[in-house]
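Encoded as C-alpha cells, the structure appears first; notes follow it.
Here the structure is a predicted model, which is why all the values come from computation and not from measurement. Residue numbers start at 1 and run along the sequence shown. Any value given below was found using the heavy atoms of this structure, including those in side chains, with hydrogens, waters and symmetry copies removed.
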Amino acid sequence: MPDISASSTKQRTPTVIRLLVLATFTVILNETIMINAIPRLMTDLHVSERSAQWVSTAFMLTMAAVIPVTGWFLQRVSTRNAYALAMGTFLVGTALAAIAPSFGVLLVGRVIQAGGTAVMMPLLMTTLMTVVPENDRGRVMGNVTLAISVAPAMGPVISGLVLQIASWRWLFVLVLPIAGAVTALGLRKLENVGEPQAGSIDWLSVVFAAFGFGGLVYGLSKFGVGSSVTPSLIVAGGIALIAVFAFRQISLQRKGTPLLDLRVLLAPTYAKALLLMAVAFLAMMGSMILLPLYLQNLRGLSPLATGLLVMPGGLAMGLLGPTVGKVFDRFGARVLVIPGAIGIAVALAGFTQLSLTSPYALLVALHVLLMVSLAAAFTPVFTLGLGALPMHLYSHGSSMLATLQQVAAAFGTALVVTVMTSRATHLAESGHNPLDSALSGMRLAFLVSAALSIIVIVMAVLLPNRSDAAAHGAAVAEVDAVTLDAVDEAELTVVEAELSTVELIKD
C-alpha cells in the first residue's frame with residue numbers, strides 16, 4: 001500500500017483517521033459498558049459482587065499491562081496489520097463474552113477484548129501525528145476527542161438503556177456486528193502509514209511492564225474494600241517493578257531498542273501535558289464514580305435515569321471537540337486550556353455543595369460545565385504534548401499517554417472511594433444519619449478532586465501556546481550524543497585499564 005502524504009491532507013480529515021476514530025470509539029466504549037450490569041451478572045452467573053466487579057477491573061488491568069508494549073509494537077508492524085490484529089482480537093473477545101456459559105469464560109472474553117482495545121488508541125494518535133500537518137492537527141484532534149473521552153462517558157448510558165429491556169449478553173451481541181462492519185470497512189479502505197522498523201523485543205521489559213503497571217492499577221482498584229494494608233503493599237510492589245522497568249529502558253536506549261522510550265519525558269511541553277492530562281482524567285473518572293453513587297444510592301434513581309442525567313455532559317463534550325480543535329489551530333492552546341482548567345476546578349467545587357434536595361438541573365449544569373471544560377483542555381493538550389516530540393517518538397509518546405490514563409483512572413477511583421468511605425464510616429460510627437454520612441463523604445471526595453485540579457490550572461499556565469518539535473528534536477539528539485560520549489569514554493577507560501594490567505603482568 002502507498003504511504004499517505006501529510007501535505008495532501010490539509011483541508012479535510014484523512015480517511016485513515018476517520019476509520020481509526022470509528023474503530024477506537026467502538027472498542028473504548030466497552031471499557032465502562034459493564035458498570036451497570038454487575039447486579040445482573042451476580043444473579044445470572046451466581047457470583048458475588050466483589051467477583052462481578054472483575055469484568056471492569058480485568059479490562060482495566062489488561063489495558064494497563066498491554067499499552068506500554070504498543071510503542072514498540074507500532075514501530076514494528078504496518079498500520080493495516082496493527083489494525084487487523086487489534087480489531088480481530090477485540091471481535092474474538094466480544095464473541096466469547098456474548099456466549100460465555102460461565103463467569104470465568106466471560107472474564108477471559110473481557111481480557112481478550114481489552115488486549116485489542118489497548119492497541120487502538122496509540123495506533124490512532126500515532127497515525128494522526130504522522131499524516132496530519134501541524135496547522136490542522138487541532139481540528140482533527142477535536143474529532144478524536146469523541147473517541148477517547150466521550151466513549152467512556154457514554155458506556156454506562158448505553159448499558160442502562162440496553163439492560164432496561166434485555167439481558168447483559170446483548171451488550172456484546174449488539175457491539176459484535178458494529179465492530180465487524182468497522183473492521184471490514186477499515187481493512188478495505190485503510191492504507192499503511194510509514195514503514196515498519198526491524199527490531200527485537202526485550203521480554204524482561206514486557207514482564208516488568210505487565211506486572212508493574214498491572215500491579216499498580218490492581219492495587220489502586222482494591223482501596224476502599226476492607227483493610228488498606230494489602231492494596232498498599234500491591235501498589236508498592238507495582239511501583240518498584242515500574243522503577244526497574246524504567247531503569248531497564250534507559251539501559252536499552254543505548255542500543256536503540258527500548259520497549260517504551262523514556263526520552264519523550266525530555267520534552268518539557270510533553271511532560272507538562274502528561275501531568276495535566278493525568279490529573280484532568282483523574283477528575284473525570286472520579287466524577288463518573290461519585291455521581292452515579294449520589295444519584296442512585298442517595299437520591300434513589302434507576303441506572304437508566306442516572307445515565308440520562310449525565311448524558312448531556314458527554315454529548316456536549318463530544319460535540320464541542322471539533323470547535324475546540326478549530327480554535328486551537330487558529331489561536332493556540334492557552335485561550336482554551338487556561339479557561340478549561342479553571343472550569344474544571346469550578347465544577348468540582350460546585351459538586352462539594354450538593355445536598356439531598358439539590359435540583360437535578362443544577363447537577364446537570366455542573367456536569368456539563370465539567371465535561372465542556374475537559375473538552376477545552378483535552379484536545380489542545382493532546383495535540384500540544386505529542387506535537388512537542390520528534391516523529392520517531394510519536395508511538396512511544398502516545399503509548400505513555402494512554403498508559404498514564406489507565407493509571408490515573410485507577411488512582412482517581414481509588415482516591416474518591418477511599419476518601420468517601422473513610423469519611424462516611426467515621427461519621428456513621430459517631431452516630432450520624434447514614435444518608436448524611438454518605439453525603440458528607442461524597443462532598444469531601446469532590447473537595448479533594450477540586451484541590452487536585454489546582455495542579456491542572458498551574459500546568460495550563462505553564463504550557464506554551466504552540467509546540468516546538470524541532471527544538472525538542474535537537475534536545476533529544478544532544479542527549480543521545482551525551483549518552484554515547486559517556487558510553488565511549490567509559491569503554492575507553494576500561495580498555496586503558498586492561499592495557500595497563502597487561503603491561504604490569506609483562507613487567
Side-chain angles (χ1 to χ4, degrees), residues 32 35 60 149-150 152-153 156 216-217 220-225 228 231 235 273-299 306 309-310 313-314 316-317 337-355 358 362-378 381 404-427 437-461:
T32 55
I35 289 176
M60 187 168 59
S149 302
V150 179
L216 177 59
V217 170
L220 289 170
S221 71
K222 304 312 291 180
F223 276 100
V225 182
S228 61
V235 167
L274 199 66
L275 180 58
L276 191 155
M277 283 297 302
V279 180
F281 206 78
L282 182 155
M284 185 179 82
M285 293 303 294
S287 70
M288 283 180 62
I289 294 295
L290 292 174
L291 286 179
L293 290 176
Y294 167 78
L295 291 169
Q296 293 179 41
N297 296 351
L298 302 186
R299 302 297 293 267
T306 299
L309 268 176
V310 299
M317 187 181 201
V337 180
I338 294 176
I342 294 171
I344 292 169
V346 170
L348 291 172
F351 283 128
T352 65
Q353 303 305 307
L354 290 178
S355 68
S358 294
L362 173 63
L363 182 83
V364 172
L366 287 172
H367 188 246
V368 168
L369 173 61
L370 178 62
M371 293 293 107
V372 166
S373 300
L374 286 166
F378 278 169
V381 171
L404 202 61
Q405 276 191 357
Q406 295 302 312
V407 173
F411 182 74
T413 303
L415 181 66
V416 297
V417 169
T418 301
V419 170
M420 178 183 66
T421 54
S422 298
R423 174 70 172 170
T425 302
H426 174 73
L427 291 176
S437 300
L439 179 62
S440 179
M442 287 184 184
R443 282 175 168 176
L444 183 60
F446 274 122
L447 181 62
V448 171
S449 296
L452 283 174
S453 67
I454 302 300
I455 299 173
V456 178
I457 297 176
V458 173
M459 290 297 104
V461 172

Name the atoms and distances for all side-chain donor-acceptor pairs under 3.5 Å in residues 337-344, with sequence neighbours left out.
none

- [ ] Heavy atoms only: give me the nearest Ala280-Leu374 pair and the separation to one decimal.
- [x] O-CD2, 3.6 Å

- [ ] Can you measure from OG1 (Thr352) to CG (Leu447) and round to the nearest 0.5 angstrom?
- [x] 6.0 Å

TODO: Hey, could you give me the OG/CZ distance between Ser358 and Arg299, rounded to the nearest 0.5 Å?
DONE: 6.0 Å

Open item on the list: Could you check whether any side-chain heavy atom of Leu298 comes within less than 4.5 Å of a side-chain heavy atom of Leu354, counting everything from C-beta outward?
Closed with: no

Task: Partners meeting side chain to side chain contact (heavy atoms under 4.5 Å, CB included) with Leu216 (sequence neighbours left out) - done: Leu220, Val235, Ile239, Ile242, Val407

TODO: Determine which pairs satisfy side chain to side chain donor-acceptor pair (under 3.5 Å) with at least one residue from residues 440-453, sequence neighbours left out, and list them in order.
DONE: Arg423-Ser440

Task: Any Tyr294 side-chain heavy atom under 4.5 Å of Leu439 side chain - done: yes

Task: Ile455 side, atom CD1; Met459 side, atom CE - distance, nearest 0.5 Å - done: 8.0 Å

Open item on the list: Thr425: which residues meet the side chain to side chain contact (heavy atoms under 4.5 Å, CB included) condition with it, sequence neighbours left out?
Closed with: Glu429

Task: Heavy-atom pair with the smallest gap, counting every atom of Leu309 and Val364 - done: CD2-CG2, 3.4 Å

Open item on the list: Testing the basics here: between Ala460 and Leu276, what is the closest heavy-atom pair and its distance to 0.1 Å?
Closed with: N-CD1, 3.6 Å

Task: Close side-chain approach of Met277 and Leu404, heavy atoms under 4.5 Å - done: no

TODO: Can you measure from CG (Leu363) to CG (Leu291) and round to the nearest 0.5 angstrom?
DONE: 5.5 Å

Task: With Leu293 via side chain to side chain contact (heavy atoms under 4.5 Å, CB included) - residues at least two apart - done: Ile289, Asn297, Met420, Met442

TODO: Using the test ring-ring contact (aromatic ring centres under 6.0 Å, His included), find all partners of Phe446 that sit at least two apart in sequence or belong to another chain.
DONE: Phe351

Open item on the list: So which atom in Ala450 and which in Ala349 form the shortest heavy-atom distance, rounded to 0.1 Å?
Closed with: CB-N, 3.9 Å

Task: side chain to side chain contact (heavy atoms under 4.5 Å, CB included) involving Leu369 - partner list, sequence neighbours excluded - done: Val346, Ala347, Ser373

